[in-house]
Amino acid sequence: MVKSLRWKLQLWHAVILVLAILGFSGVLYLQFHRSLLREVDAELLAGARALEGTLKLAPRFVLESGFPEGPLDRPLGRGPVPGRGGGPPEFRPPGERNSAGRNPPDRPPPPIENEFGRPLPPPPDGPGRPRAEGPPPQEDRAGRPPGGPRGRPMSPEQWMELLTLPQGPPLNTNEPPPPDQPPPRAPFSRPVYYSIYAANGSLIKASSDAVPSVSFSPTRRPLEYRNRDFRRELLLAGPEKSVVIVGQDVRPQFHQLQWLATQLLAIGLTVLAIGLLGGWWLAGRAIRPIEQISQKAKGIEASKLSERFNVEATDAELRELGEVLNSMLGRLEAGFDQQSRFTSDASHELRTPLAVLLSHAELALSRQRSPAEYQAALQTIQRSGQRMKELVEDLLVLARANSGRLELRKEPTDLKRLAEEAAQLLKPLADAEGVRLEVSGSHVEQSVDPARLSQALVNLVGNGIKYNRPGGTVSVEVSSDSGIATIRIKDTGEGIPAESLPHLFEPFYRVDAARSRETGGSGLGLAITRRLVNAHGGEIAVTSEVGAGSCFEIRLPI
Amino acid sequence: MRVLVVEDEPDLRRAVVQSLLESGYAVDDAANGPDGLFKATTWDYDAIILDLMLPGLSGFDLLQQLRRDRKTPVLILSARDGVDDRIKGLDIGADDYLVKPFSIRELHARLRALIRRAAGQAQSTIEIGGIVINLVNQTVSRDGQPVQLTAREYSLVELLALHRGKLISRTLIYDHIFGEDDSSLSNLVDVHVSNIRKKLGADFIQTRRGQGYIVDG
């Protein structure tokens, strides 16, 4: 798949554009096609109606399958021999038929001139002329009134002559007619051919340029249009089940349509090209702010996390992106700051014991010393090394907990016994400080890592002792309520100022920056305690009142 | 030379104090900020070694309050190694900044340089007549011959030589030669002066009766 947003946009744009152009062109093409067809159909219908009208007036024998012997013993064209009716009529090619059908050598000249405008006999009952668009009846050249029932009855041949259609202008009438002559009246825009079949399938008459009907079958519907090759034909049910076929060569219309299609294709391609270029440009404009943002984002490194995207100048959609990125940068920066502060605090914490260690070593080596002096120096060095080791271990626990790699060996443990053990461990310290230790509450069995949780309790109880007043107490209370085990460690010390409470569990945070130096803490105790409790899925909270004491509460879900 | 060490870590304080004592300095120490500030403003020290993370009063605050009326050279000795901390320390009035862990020899060299510069002496040797005092090695020679002096005697010679041509009162000598823990007797200075005159010649130190002593006056 395409991965570029610009290319995707362009692709969709192209698809939509192509569909729109195709739809528009298609509608235009179909409309034009239909209107052309309607014109042709109207002409064909007019011609067919004219022929039908003549047929209706014609005597019955004209429509009968076989003509009487004599001049009419053969049908025009090469229709089937009477009696063999039913088979499809066969035609010779138009050119051939011209000599054989229209002007047979033995055929007498037509008595009535047969050209366009030739009046048709009036209908038997007088009113209503079947031919809708025919010219008004007029006298023929001989001045005789048109033949009809009231006049001298016409011979079959005369009827045959009447059964014809005027022809339109030839195909190649592209040059304008002479200006002094009015253009000849053209009932048809283009030549129309026709053929008339009797009910039994025999051909009654066909125009010279009639195209043979390949599969003739009497039409059941009064009107039926059909397309053959490049011809449009109308099949009209005439009187006595005769069929009038009128057709027109629609090649010019076809060419017109082809020309239209070519034009539409050209215009469509042009519009598509312009549209695609415009779309490419637009897509480029739309994604330019994204490119700017990504360009800027490339420049932001870990050392420059304080940089922010300027969201004021961007559009609403991208402003959101910018704000999201900014807030992400903010979190990253805070994380990095915390990390670097932690590292610097850790290195700071390590520097002091290291300075003690190195200075005592240097001092001891600076001159010859007594064994007692060397011993004292080595003891100091060992003490510093021990302190560094503890600090490093604390840091390791913290780092493991931070990265979620603190392994817990859980087993069912009585929390009260755990608290009692912690108190037992700290008894010497409490005695030295003059602080009383109390453990109360119920036995709550919980699946915990006893070593880790004990470390947390020792930290909290130890703090309670160290930051207490002489004669004070540290009380540990274990309880269980609605599925949550609670351990409360209360002291009667000086308490913690409210502004320090939110930072209390941060690594290296000290309420009094230097006080804990005397008490020997690294500033990691509470941070580690919280991590240990969190690792058990629990939470730790603190409440404190300056002058009255603090209360740490560990809540562990069962 | 009398030096104040303000450091809250007991082991480190002990090491610094001992090394300075062994080099012949008179040393006072303080374990927290308020105590350090009190001593620094009460006595006239030749130099102060100051930690920054102090209980009660931070080293920065101590330095700021000290600088209101004292020009005592101050060397900050801190675990805070950030450039910002060093700049801040120097800007609020420290004369030098040394990051823990440090070498004791370097600490001493910086201290000597501080004391020398504070006395307006750029070189590390002082020559008065035929007497040459080497401030680095803490040795004195007379006409090219090394002279053995005790630590106290050397301190007195150094003090007078650094302030050559100036009258140094007996009180000042007491303040600079003896630490607060020394149980100094009032005539101890006279004993030291007389011993120095025996080793470096009677004319080296002149006595102004009832005022004090002067070198190269």
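These values consider heavy atoms only, across backbone and side chains, with no hydrogens, waters or symmetry-generated copies. Chain letters run A, B, ... following the sequence lines, proteins first, then strands; residues in each count from 1.
- The local environment of CZ in B:F38 is sparse, with at most 12 non-hydrogen atoms from other residues, nucleotides or ligands closer than 6.0 Å.
- The environment of CZ in A:R369 is crowded: more than 12 heavy-atom neighbours from other residues, nucleotides or ligands sit within 6.0 Å.
- Shown here is A:K296, whose NZ atom has more than 12 heavy atoms of other residues, nucleotides or ligands within 6.0 Å.
- Across all non-hydrogen atoms, the minimal contact from B:A79 to A:R351 is O-CD, 3.0 Å.
- Only the side chain of A:L358 comes within contact range of chain B, with at least one heavy atom under 4.5 Å from a heavy atom of that chain.
- For the side-chain contact (heavy atoms from CB on, under 4.5 Å) test with A:H360, the passing option among B:L12, B:I104, B:D11 is B:D11; the others fail.
- Only the side chain of B:V99 comes within contact range of chain A, with at least one heavy atom under 4.5 Å from a heavy atom of that chain.
- Of the two parts of A:E373, only the side chain, counted from C-beta on, holds a non-hydrogen atom closer than 4.5 Å to a non-hydrogen atom of chain B.
- Within 6.0 Å of the CD atom in B:Q123, the count of heavy atoms belonging to other residues, nucleotides or ligands does not exceed 12.
- If you measure heavy-atom distances from B:S103 to chain A, the contacts under 4.5 Å come from both the backbone and the side chain.
- Contact of B:R105 with chain A is made through backbone and side chain together, with heavy-atom distances under 4.5 Å.
- More than 12 heavy atoms of other shown residues, nucleotides or ligands fall within 6.0 angstrom of atom CD in A:E438.
- In this structure, B:R14 and A:T380 have side chains that are in contact, with non-hydrogen atoms separated by less than 4.5 Å.
- Taken from CG in A:L354 to NZ in B:K100, the straight-line distance is 11.5 Å, to the nearest 0.5 Å.
- Counting heavy-atom neighbours within 6.0 Å of A:E545 CD, excluding the residue itself, gives a total of 12 or less.
- Nearest heavy-atom pair, B:M53 versus A:H348, reported as atom, atom and distance to 0.1 Å: CE-CE1, 3.5 Å.
- Dense packing is recorded around NZ of B:K199, with more than 12 heavy atoms of other residues, nucleotides or ligands lying under 6.0 Å away.
- For chain B, the option among A:S359, A:S366, A:A364 with the highest count of heavy-atom pairs below 4.5 Å is A:S359.
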